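Below is one structure, written out as structure tokens, with a few remarks after it.
Order of the sequence lines sets the chain letters (A, B, ...), proteins ahead of strands, with each chain counted from 1. Nothing here was measured: the structure is a model prediction, and the numbers come from that model.
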2 protein chains.
Amino acid sequence: MQSTHLREHNLSAILRALAAAGGPISRAGLAAATGLTKPTVSKQVEELIDGGLIAEGTPVSMGAGRPMVPLRLAEGTLAAIGLEVTADHLSCLALDLGGRVLVRRDSEAPLAQEEPSRAVEQGAALVREVLAELGALPVAGLVVAVPGRIAPDDGRVLSAPNLTWENVPYVRELVAVLEEPSFPVSAQNDNRLSVLTELDARPGGSFLYVRGSTGVGGAVVLGGEVLDGAHGWAGEFGHTVVVPDGELCRCGRRGCLEAYISRHSLAQRAGLDPDVRLEDLVDRLAASRDRAEVIGVIGRSLGLAVANALNVLDLETVVLSGYLAPIAEEITPVVRETVQRHALAAEAGPIAIDRADSLADPALHGAARAALAPVFADPGAWMARGR
Amino acid sequence: MQSTHLREHNLSAILRALAAAGGPISRAGLAAATGLTKPTVSKQVEELIDGGLIAEGTPVSMGAGRPMVPLRLAEGTLAAIGLEVTADHLSCLALDLGGRVLVRRDSEAPLAQEEPSRAVEQGAALVREVLAELGALPVAGLVVAVPGRIAPDDGRVLSAPNLTWENVPYVRELVAVLEEPSFPVSAQNDNRLSVLTELDARPGGSFLYVRGSTGVGGAVVLGGEVLDGAHGWAGEFGHTVVVPDGELCRCGRRGCLEAYISRHSLAQRAGLDPDVRLEDLVDRLAASRDRAEVIGVIGRSLGLAVANALNVLDLETVVLSGYLAPIAEEITPVVRETVQRHALAAEAGPIAIDRADSLADPALHGAARAALAPVFADPGAWMARGR
DNA sequence: GCTCTTAGTAAGTTTCCGTAACTAATCTAT
DNA sequence: ATAGATTAGTTACGGAAACTTACTAAGAGC
């Protein structure tokens with residue numbers, strides 16, 4: 001490591017420590033949190049304040065001694081934009097560094113029936129509305145949440161079944177329509193972005209994240225880092241085999257987890273229209289007369305897939321999200337029973353099966369958060385922009 | 001990061017780069033590999049030479065220009081000791097920094113029938129023999145490879161079925177018998193240590209390591225780092241469920257991978273004595289008339305477990321080791337077919353299923369290597385020892 | 001009002017790395 | 001043979017970052 005990088009590293013460490021603190025914190029507190037000395041922290045903090053990333057509050061007395069000057073992430077000094085593309089609507093959200101919502105715009109549109117170019121146009125229009133609202137506020141980046149697989153190299157959408165997209169260079173086209181924006185644009189899988197929102201509530205945690213939406217996706221978080229894998233699909237265990245030579249899955253394989261707990265399969269199992277809207281599915285399930293059977297199937301197949309994943313990863317926590325969150329209380333007993341029966345880690349202690357902190361639109365928020373990441377990773381570069 | 005740590009960091013980076021180079025390398029080469037400048041590297045190298053961690057060779061001309069001074073890891077200046085405990089023998093190995101074998105001692109003894117205290121005595125005796133042979137050579141550490149589960153906090157052996165051990169504080173007792181050795185002593189699972197040996201051949205790689213011994217263990221390697229997990233048994237997927245409500249496993253569960261491909265199960269399936277020695281099992285299998293069926297069962301169940309693990313981890317490489325290595329060629333076609341059928345990652349490209357570089361006693365070598373790790377992690381601390 | 005305690009600042013020092021220029025040793029071409 | 005090109009490694013200097021020590025600031029408790 002070069003000596004130049006030391007400063008960048010510490011600048012980032014201080015900013016991250018401030019974010020991790022959860023609330024206002026003094027320079028002395030940051031020094032304790034980072035292991036740096038007070039003079040060093042003071043110098044860096046001064047720079048971060050000048051750069052508009054940190055704000056000072058009015059001194060607060062905390063018992064004996066000189067009152068601390070509370071520091072917090074600056075609000076309203078920059079924006080990071082998330083854009084979520086789904087089969088029936090688009091949403092765009094701008095957050096500031098402190099995670100406050102600056103602007104939000106939505107547009108309803110059945111994109112699944114349309115050409116991808118329509119989604120490009122509509123997405124660009126929504127982003128432009130948000131940018132107009134933001135005025136001259138500098139933008140750190142734009143991240144697009146897509147319900148499909150993304151090529152790790154060029155950000156192409158390899159496939160998004162619900163959108164009926166195959167090999168769509170969405171980001172490239174969006175950039176073209178936006179006419180060379182001054183900020184970086186990228187795309188990521190919606191499940192992987194959702195987990196970032198969950199990570200806010202569990203900083204530095206390690207857990208398996210399972211999200212039920214149209215399919216079943218997820219992510220693996222190890223020590224606060226989302227595992228990437230060779231192609232960026234780590235944790236996508238919708239196609240874990242739970243029953244060898246079992247039911248046919250829409251992916252063409254047999255016995256996949258998705259074949260048992262995806263929207264289509266669930267709807268069929270409950271005797272509902274397979275195209276039932278996701279939001280309605282849970283309520284309909286509750287009204288179905290085969291409720292216990294449905295819960296049993298979800299719980300057992302999910303439990304088996306989770307147990308196998310836990311055996312490989314040796315994790316202690318599972319977080320259920322998406323349509324699994326609202327029914328978490330019901331399915332958890334079955335899932336827990338299955339996991340305890342099959343997971344090795346259960347021998348060392350109980351496995352925690354939690355419901356996601358149910359913030360609305362976790363993928364959208366996660367996308368905006370992901371757009372913020374470069375600022376945290378290298379605050380110096382952000383502050384030096386344009387120079 | 002404090003400025004003091006920068007030096008340690010770079011010292012370690014240089015030493016690691018030297019090890020990763022695989023052969024002699026010049027100061028200029030190290031500068032290129034680490035991104036540091038030549039003067040910086042020269043200064044650090046001087047210190048490492050003084051500290052006995054690096055040795056200079058005689059200049060070698062590489063075409064035009066001044067000949068390089070080849071640098072290599074010092075040989076015979078320090079020792080790291082590995083001790084392997086199995087059901088029927090003990091082995092002790094001392095390596096120097098460059099990985100050269102300094103001393104090796106073995107003792108045959110059916111430990112499974114004895115009290116753990118016998119294993120402590122015999123292990124200590126073997127270590128003492130090795131220490132005597134090493135003379136005054138400084139010892140970096142001792143790592144014990146145990147075929148069982150180790151508590152991550154205090155190194156207690158939680159359970160080692162083949163040794164019929166339960167909750168044995170082997171390390172603590174070994175340290176007591178050795179009368180407070182000057183070096184650190186720790187224990188680790190044998191599979192996790194074996195993978196370190198494999199990692200020598202795949203520096204910085206990411207792969208799933210599957211080792212068939214009495215049971216079926218393994219490890220997950222991500223970017224050259226062995227994944228720990230919450231309890232230090234990540235990758236131990238012998239108890240992955242491959243057939244729900246399938247065959248009874250000795251762990252009491254049903255349908256575990258081990259129930260299909262462990263030594264006992266294999267021997268039974270091939271109609272052999274269930275206590276057949278592991279070394280003989282492969283040959284006997286080859287002579288068995290049910291060969292195709294055995295290969296089929298191993299391949300399909302292993303393939304399914306591997307495919308599920310790959311779906312969660314998104315890896316591209318699987319390494320077969322232990323008794324799976326010699327039969328790798330035979331089972332690979334079946335495993336590959338099963339993996340390709342079920343693994344999502346297979347859609348992006350072929351999954352490599354490799355045989356481990358079959359070094360004898362990978363766990364023993366891995367243990368000694370693990371004992372070397374602290375020196376690579378902080379060469380400065382090692383060189384400053386006793387001061 | 002005095003002392004104690006904690007937050008934050010200022011000045012000077014140390015440590016470490018980088019830059020630039022140099023020497024060293026070999027190969028190559030004339 | 002000898003000069004020039006080329007690559008390895010060293011020396012001397014300068015700058016950047018963080019640490020140490022000592023200080024000031026401001027409130028709490030007696």
**OP:** Round to the nearest Å and state the distance from A/Met68 atom CE to D/dA26 atom C1'.
**Re:** 15 Å

**OP:** Could you please name the option among C/dC17, D/dA26, D/dA8 that lies closest to any side-chain atom of B/Leu6?
**Re:** C/dC17

Give every donor-acceptor pair under 3.5 Å between a side-chain atom in residues 8-22 of chain A and any protein atom, sequence neighbours left out.
unit_1, atom_1, unit_2, atom_2, d
A/Asn10, OD1, B/Met1, N, 2.5
A/Asn10, ND2, B/Met1, O, 3.0
A/Ser12, OG, A/Arg16, NE, 3.1
A/Ser12, OG, A/Phe376, O, 2.7

**OP:** May I ask you to evaluate whether A/Asn10 reaches the phosphate of D/dA17, defined as a side-chain N or O under 4.0 Å from OP1 or OP2?
**Re:** no

Subject >> Toward the 5' end of DNA chain C, by each residue's nearest nucleotide, A/Ala64 or A/Thr4 >> reply: A/Ala64

**OP:** Identify, with sequence neighbours excluded, every residue that meets side chain to side chain donor-acceptor pair (under 3.5 Å) alongside A/Glu225.
**Re:** none

Subject >> Residue whose nearest DNA chain C nucleotide is more 5′ - A/Arg66 or B/Gly63 >> reply: A/Arg66

Original post:
Restricting to pairs with a member in residues 63-75 of chain B, which pass salt bridge (Lys or Arg N to Asp or Glu O under 4.0 Å), not counting sequence neighbours?
Top reply: B/Glu75-B/Arg100

Original post:
Please give, in whole Å, the distance from D/dC19 P to B/His5 NE2?
Top reply: 9 Å

Original post:
Hey, does the side chain of B/Arg192 reach the backbone of B/Ala234 with a donor-acceptor pair shorter than 3.5 angstrom?
Top reply: yes

Subject >> Audit row: B/Arg27, B/Glu56, salt bridge (Lys or Arg N to Asp or Glu O under 4.0 Å) steps and yes/no >> reply: CA-CA 10 Å; B/Arg27 289 167 172 81; B/Glu56 276 185 325; 2.7 Å; yes

Original post:
Hey, does the side chain of A/Ser26 reach the backbone of A/Val69 with a donor-acceptor pair shorter than 3.5 angstrom?
Top reply: no

Original post:
Can you check salt bridge (Lys or Arg N to Asp or Glu O under 4.0 Å) on A/Arg202 and A/Asp354, steps first, answer last?
Top reply: CA-CA 12 Å; A/Arg202 306 167 183 270; A/Asp354 297 354; 3.1 Å; yes

Subject >> Gap separating the CG atom of A/Leu227 from the CG atom of A/Leu313, nearest 0.5 angstrom >> reply: 7.5 Å

**OP:** Mind calculating the distance between CZ (A/Arg7) and P (C/dG18) to the nearest angstrom?
**Re:** 17 Å

Subject >> Interatomic distance, B/Ile14 CD1 vs C/dC16 P [rounded to whole Å] >> reply: 13 Å

Subject >> Atom-to-atom span, NE2 of A/His9 to P of D/dA18 - whole angstrom >> reply: 11 Å

Original post:
Starting at CE of A/Met1 and ending at P of D/dA17, how long is that distance when rounded to a whole Å?
Top reply: 14 Å

**OP:** With sequence neighbours left out, write down each residue that passes salt bridge (Lys or Arg N to Asp or Glu O under 4.0 Å) with B/Glu47, or none if nothing qualifies.
**Re:** B/Arg7

Original post:
When you measure from every atom of DNA chain D, which of residues 22-42 of chain B have a heavy atom less than 4.0 Å away?
Top reply: B/Ser26, B/Arg27, B/Ala28, B/Lys38, B/Pro39, B/Ser42

Original post:
Between residues 43-62 of chain B and DNA chain C, which residues have a heavy-atom gap below 4.0 Å?
Top reply: B/Gln44, B/Ser61

